[in-house]
Number of protein chains: 2
Amino acid sequence: MELTTATAALGALAHETRLQVFRLLVRAGREGLPVGRIAEELGVAADGRLSFHLKELVAAGLAVSRQEGRFVYYATQYEAMNALLQFLTEDCCGGVPCDAEAAACAPAAKTKTASRRKSA
Amino acid sequence: MELTTATAALGALAHETRLQVFRLLVRAGREGLPVGRIAEELGVAADGRLSFHLKELVAAGLAVSRQEGRFVYYATQYEAMNALLQFLTEDCCGGVPCDAEAAACAPAAKTKTASRRKSA
DNA sequence: TCCATATTTCAATGATAATTTAAATATTGA
DNA sequence: TCAATATTTAAATTATCATTGAAATATGGA
């Protein structure tokens, strides 16, 4: 992962509403949630503001959207999330064994591939 | 971890210089690095700008500083880092087994305690 | 086709964060 | 105590981001 990409992703998460949305979507799994449902769960309005924040998450690569009927679903891009977490902890403590583990979260519905990496 | 705390931490990381500093410190381990060395490693000036960014990391709880002789050392606050990563992946996929693992990195020099959490 | 629901877009304003420049503080050794 | 190294602080400018308010687009059902 590139520095610029990581910075953009972190910037997208550095906002209370977006962070709440992101965490909600992480919980929601690969199928995601429609905008109205996101708004409802977080107790915010489904207006231009939320739309703006959702777009920011997509622009940063942390989420994807798809239209389904008259609803637009947003879902976590788990690969990007994992790459970001790994980027942050990379070569922790200079490679000396220190219980470092790359964070990983992949939705069971889609794949059951173990995400444990070689701990180097 | 609280939403506000996490947002602040992510905001601190959402800057190219600070992100580079953070990753450098993660690699450096608990003893950390003096400011001049950080500047040298990253190829940036050890000026007010770097000082400002270092302070931001400390303010966000992601780093700590200590004076040693005429040098000021900065080091990763691993506990905060781990808490943040855990916060981001919390209840991934609604608790359904999906290879979710809380990220963890603790410097070997200080503790060898396994940081693997119950994967729920 | 017309209305209602769902979501997005845009332009303007207001709020925050980063860089610059310059001066200040702290520690060590001569 | 003077000079040198190491790092921080502050005020002003510039750049970037978020909110507001209102209009626009899209889909499905009556």
Side-chain angles (χ1 to χ4, degrees), chain A residues 3-25 28 31-76, chain B residues 3-25 28 31-76:
Chain A
L3 183 68
T4 308
T5 312
T7 305
L10 290 163
L13 294 173
H15 185 281
E16 296 208 355
T17 301
R18 289 195 298 260
L19 182 50
Q20 287 184 98
V21 168
F22 179 78
R23 300 215 312 144
L24 178 61
L25 294 181
E31 74 191 301
L33 294 172
V35 177
R37 185 79 189 291
I38 294 172
E40 193 183 328
E41 294 275 342
L42 303 183
V44 302
D47 60 359
R49 208 167 3 154
L50 180 56
S51 186
F52 165 73
H53 290 311
L54 287 168
K55 266 190 61 173
E56 291 279 296
L57 287 174
V58 171
L62 290 169
V64 286
S65 71
R66 70 176 193 282
Q67 185 133 15
E68 204 158 293
R70 70 176 128 177
F71 302 96
V72 176
Y73 280 72
Y74 281 83
T76 301
Chain B
L3 183 69
T4 308
T5 313
T7 305
L10 290 163
L13 295 173
H15 185 281
E16 296 208 354
T17 300
R18 290 194 298 260
L19 182 50
Q20 288 184 99
V21 168
F22 179 77
R23 300 215 312 145
L24 177 61
L25 294 181
E31 73 191 302
L33 295 171
V35 177
R37 186 78 190 291
I38 294 171
E40 192 183 328
E41 293 275 343
L42 302 183
V44 302
D47 60 359
R49 206 166 4 152
L50 179 56
S51 187
F52 165 74
H53 290 310
L54 287 168
K55 266 191 63 174
E56 291 279 295
L57 286 174
V58 171
L62 290 170
V64 286
S65 71
R66 70 175 193 282
Q67 186 134 15
E68 204 158 293
R70 69 176 129 178
F71 301 95
V72 176
Y73 280 73
Y74 281 83
T76 301

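In the text below, chain A, chain B and the rest are named by the order of the sequence lines, each starting its count at 1.
Terminal axes of the helix from C:dT1-D:dA30 to C:dA30-D:dT1 (five pairs each, C1' rotation axis) are separated by 20°, to the nearest 10°.
Close to C:dA6, at under 4.0 Å from its OP1 or OP2, lies no side-chain N or O of A:Y73.
Residues of residues 36-46 of chain B that place a heavy atom closer than 4.0 Å to DNA chain D, in numerical order, are B:G36, B:A46. Sorted by residue number, the members of residues 57-71 of chain A with any non-hydrogen atom under 4.0 Å from DNA chain D read A:Q67, A:G69, A:R70.
Under the 4.5 Å side-chain criterion, counting only non-hydrogen atoms from C-beta, B:L25 is not in contact with B:L62. Here the side chains of A:Y74 and A:I38 are in contact, with some heavy-atom distance below 4.5 Å. Here the side chains of B:V35 and B:F71 are not in contact, with every heavy-atom distance at 4.5 Å or above. You'll find the side chain of A:L54 stays beyond 4.5 Å of the side chain of A:V58, heavy atoms only.
Reading DNA chain D from its 5' end, the first and the last nucleotide to sit under 4.0 Å from a heavy atom of chain B are D:dT5 to D:dT9.
Here side chain to side chain donor-acceptor pair (under 3.5 Å) pairs that include residues 44-64 of chain A, with residues two or more places apart or in two chains, are A:R18-A:H53. Residue pairs that meet the side chain to side chain donor-acceptor pair (under 3.5 Å) test with at least one member in residues 57-71 of chain A, sequence neighbours left out, are A:R66-A:E68.
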Short N/O separations, protein against nucleotides 12-19 of chain C, under 3.5 angstrom:
unit_1, atom_1, unit_2, atom_2, d
C:dA18, OP1, B:R18, NH1, 3.3
C:dA18, OP1, B:R18, NH2, 2.8
C:dT19, OP2, B:H53, NE2, 2.8

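Atom NZ in A:K55 sits about 12 Å away from atom C1' in C:dT7, given to the nearest Å.
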Would you be so kind as to tabulate the donor-acceptor pairs closer than 3.5 Å made by side chains of residues 6-16 of chain A, with sequence neighbours excluded?
unit_1, atom_1, unit_2, atom_2, d
A:T7, OG1, A:L3, O, 2.7
A:H15, ND1, A:T17, N, 3.2
A:E16, OE2, B:T4, OG1, 3.3

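In this structure A:E40 satisfies the side chain to side chain contact (heavy atoms under 4.5 Å, CB included) test together with A:R37, sequence neighbours excluded.
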